[in-house]
Amino acid sequence: MKVQTIMADLERKHPGENEYLQAVREVLESIEEVYNIHPEFEKAKIVERMVEPDRIFTFRVTWVDDRGEIQTNLGYRIQFNSAIGPYKGGIRFHKAVNPSMLKFLGFEQTFKNALTTLPMGGAKGGSDFDPVGKSDAEIMRFCQAFMWELWNNIGPDTDVPAGDVGVGGREIGYMYGMYKKLAREYNTGVLTGKGMTWGGSLIRPEATGFGALYFVEHMLAKAGKSIKGATVAISGFGNVAWGAATKATELGAKVIAISGPDGVVYNPEGMNKEKLDYMLVLRASNQNVVAPFAEKFPDATFIPAKKAWSIKCDIALPCAFQNELNGDDAAELLANGTWCAAEVSNMGCTPEAIAAFQNAGILFAPGKAVNAGGVATSGLEMTQNAMHISWSAAEVDQKLHYIMESIHAACVKYGTQEDGYINYVKGANIAGFMKVAQAMLEQGIV
Ligand code: GLU
């Protein structure tokens with residue numbers, strides 16, 4: 001395989017799909033060496049097949065807002081790869097959603113899901129619907145209209161959506177309600193991230209953030225370091241940021257920054273239960289601003305228009321959106337002494353930022369390994385639904401621990417360089433790729 005040739009071809013076929021091309025390039029560059037010693041992969045054109053989604057559904061979503069005006073949005077579901085199991089991945093509601101964003105997310109999901117040790121293929125969906133400022137009734141009508149189009153293409157053994165940016169328990173509830181009505185099927189396994197009284201799994205809301213911190217703990221232990229007493233800067237204040245802040249605090253770290261599109265909150269005293277609970281209130285308000293946090297807690301200061309990366313910290317955890325930490329941000333963090341960065345958001349760092357961290361020799365791990373605890377716990381939710389039982393929080397948490405440990409071990413196995421530095425990007429990409437490639441090879445040309 002020649003990465004340049006494949007990328008040139010993809011750029012010609014999909015011009016301007018920058019996030020998608022960025023995600024593919026990162027994976028291909030990491031796996032090139034391994035791929036080239038497997039002529040059977042080359043012969044079966046595994047890479048050429050793997051970089052294109054199996055299929056994309058695009059649909060119009062029309063709904064009526066609170067003023068009685070008719071609104072039209074675009075909806076998508078991208079079924080990327082089913083080599084190791086039914087399609088699985090979240091739904092994103094955000095004004096910037098477009099096919100490139102969802103293709104990058106579906107591609108990443110394929111490898112992430114392979115890393116979880118569970119049998120799940122990769123998918124992603126979403127809409128350019130902007131939840132900011134919408135009422136609860138508007139959110140419900142939009143979710144219902146979205147599901148009206150989607151229901152026929154999903155199912156517990158075909159494609160299982162879940163949440164992502166802009167989609168949490170409330171949205172999953174509205175979508176599930178409409179799914180049941182249309183499909184006349186009462187199988188809870190069609191969606192994950194459900195409420196606790198109707199098939200949801202304990203620990204699923206916390207799982208992405210908790211899993212990320214379990215991964216970071218392993219990374220630090222391997223490097224002979226500890227999270228106790230470390231300062232942590234987190235971007236975002238939604239579900240993922242909340243889970244990460246909660247677990248980091250529990251493990252003895254001090255979360256000194258959270259952020260929003262409006263700026264950063266500097267929180268030198270760290271988090272406590274009241275502050276963590278308030279993050280959820282902020283998220284549920286649908287205003288997408290973090291400034292009120294500093295009004296409520298006078299020991300914190302709001303700095304407008306600044307990112308979390310402007311705060312001096314030991315550990316940086318991007319928890320919001322793709323490419324939210326760029327080369328300049330990485331330089332600022334490094335100058336301030338940051339010694340660990342782990343992507344909790346999908347593709348949270350630009351290629352320049354990753355190169356800066358790796359060249360500086362600090363600990364760095366990519367989203368598809370670090371945040372895989374979210375989808376892994378979705379997989380555990382599917383298992384419980386299929387068995388018609390529910391496990392205790394302790395049982396789910398223990399399985400999540402085991403999965404994150406396995407992902408870390410896989411990264412170390414494939415990512416340890418001759419000089420001893422662990423390239424977690426390479427490790428995660430190769431481990432995920434090998435599993436999907438082998439499955440595709442054994443299933444023939446389909
Ligand atoms: N959206 C999450 C992710 O990026 C979770 C997906 C899922 O649970 O299916 O992995």
Side-chain angles (χ1 to χ4, degrees), residues 19 23 76-82 84-94 97 101-127 150 154-156 158-169 171-172 175-176 188-195 199-212 215 236 238-244 318-322 324 342-348 366-385 396 399-400 403-404 407 428 432:
E19 296 96 342
Y76 308 91
R77 184 69 180 167
I78 301 196
Q79 296 182 336
F80 217 103
N81 190 297
S82 63
I84 64 168
Y87 301 107
K88 179 81 194 90
I91 290 179
R92 179 174 286 196
F93 291 165
H94 189 278
V97 160
M101 196 191 294
L102 298 181
K103 278 169 71 180
F104 120 63
L105 288 163
F107 183 73
E108 292 272 302
Q109 198 81 44
T110 301
F111 299 97
K112 181 194 322 194
N113 293 4
L115 288 171
T116 64
T117 73
L118 303 172
M120 300 184 287
K124 207 82 191 193
S127 172
L150 187 63
I154 59 173
T158 49
D159 184 353
V160 183
D164 195 81
V165 174
V167 177
E171 291 76 11
I172 293 294
M175 284 193 264
Y176 181 67
T188 50
V190 66
L191 290 168
T192 61
K194 297 180 292 294
S201 173
L202 291 165
I203 306 292
R204 177 64 190 92
E206 297 88 347
T208 309
F210 279 23
F215 189 94
N239 173 262
V240 171
W242 163 77
C319 290
F321 216 56
Q322 71 265 9
E324 55 174 315
E343 287 177 340
V344 193
S345 47
N346 290 310
M347 208 164 79
K368 61 171 82 67
V370 177
N371 74 29
V375 71
T377 308
S378 277
L380 300 175
E381 184 173 330
M382 288 164 71
T383 308
Q384 294 169 77
N385 295 157
V396 179
K399 289 182 165 60
L400 175 61
I403 289 169
M404 298 317 295
I407 298 173

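Just so you know, these numbers use all the heavy atoms, side chains as well, and skip hydrogens, waters and symmetry mates. By convention here, the first residue in the shown sequence is residue 1. We count ligands from 1, going down the list as the structure has it; atoms in each ligand are counted the same way.
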Identify, for atom 5 (C) of ligand 1, the protein heavy atom at the shortest distance, and state residue, atom and that distance.
Arg204 NH2, 3.5 Å

Side-chain contact, heavy-atom cut-off 4.5 Å: Val375 with Thr116?
yes

Between Lys368 and Asn346, do the side chains contain a donor N or O and an acceptor N or O under 3.5 Å apart?
no

Of all protein heavy atoms, the one nearest atom 6 (C) of ligand 1 is Gly90 N, 3.6 Å

Go through ligand 1 atom by atom and flag the ones less than 4.0 Å from a non-hydrogen atom of Ser378.
7 (C), 8 (O), 9 (O)

Take Thr377 and Phe210 through the test side chain to side chain contact (heavy atoms under 4.5 Å, CB included) and record every step on the way to the result.
CA-CA 11 Å; Thr377 308; Phe210 279 23; over 6 Å; no

Atoms in ligand 1 flagged as close to Gly89, the criterion being non-hydrogen separation under 4.0 Å:
9 (O)

I'd like to check which ligand 1 atoms, numbered from 1 as shown, lie under 4.0 Å from a non-hydrogen atom of Asp164.
1 (N), 2 (C), 4 (O)

Check each atom of ligand 1 against the heavy atoms of Lys88 and keep those under 4.0 Å away; list them by number with element.
7 (C), 8 (O), 9 (O)

State, yes or no, whether a side-chain contact exists between Arg77 and Pro161 at a heavy-atom distance under 4.5 Å.
yes

We want to know whether Ser345 and Glu324 form a side-chain donor-acceptor pair, criterion being a heavy-atom distance below 3.5 angstrom.
yes

Numbered in order shown, the ligand 1 atoms found under 4.0 Å of a heavy atom of Gln109 are 3 (C), 4 (O), 6 (C), 10 (O)

Taking the six-membered ring where the residue is Trp, are the ring centres of Phe107 and Phe80 under 6.0 Å apart?
yes

Ligand 1 to Lys124, heavy atom cutoff 4.0 Å, flagged ligand atoms 1 (N), 3 (C), 4 (O)

Close side-chain approach of Val97 and Ser127, heavy atoms under 4.5 Å
no

Heavy atoms only: which of Gly163, Gly374, Gly379 is nearest to atom 2 (C) of ligand 1?
Gly163

Quick note on ligand 1: atoms under 4.0 Å from a heavy atom of Ala162 include exactly 7 (C), 8 (O), 9 (O)

Among all protein heavy atoms, pick the one closest to atom 10 (O) of ligand 1 and tell me residue, atom and distance.
Lys112 NZ, 2.7 Å

Is it the side chain (CB and beyond), the backbone, both or neither of Asn346 that lies under 4.0 Å from ligand 1, heavy atoms counted?
side chain

Lys88/Asp159 salt bridge by N-O under 4.0 Å criterion
no

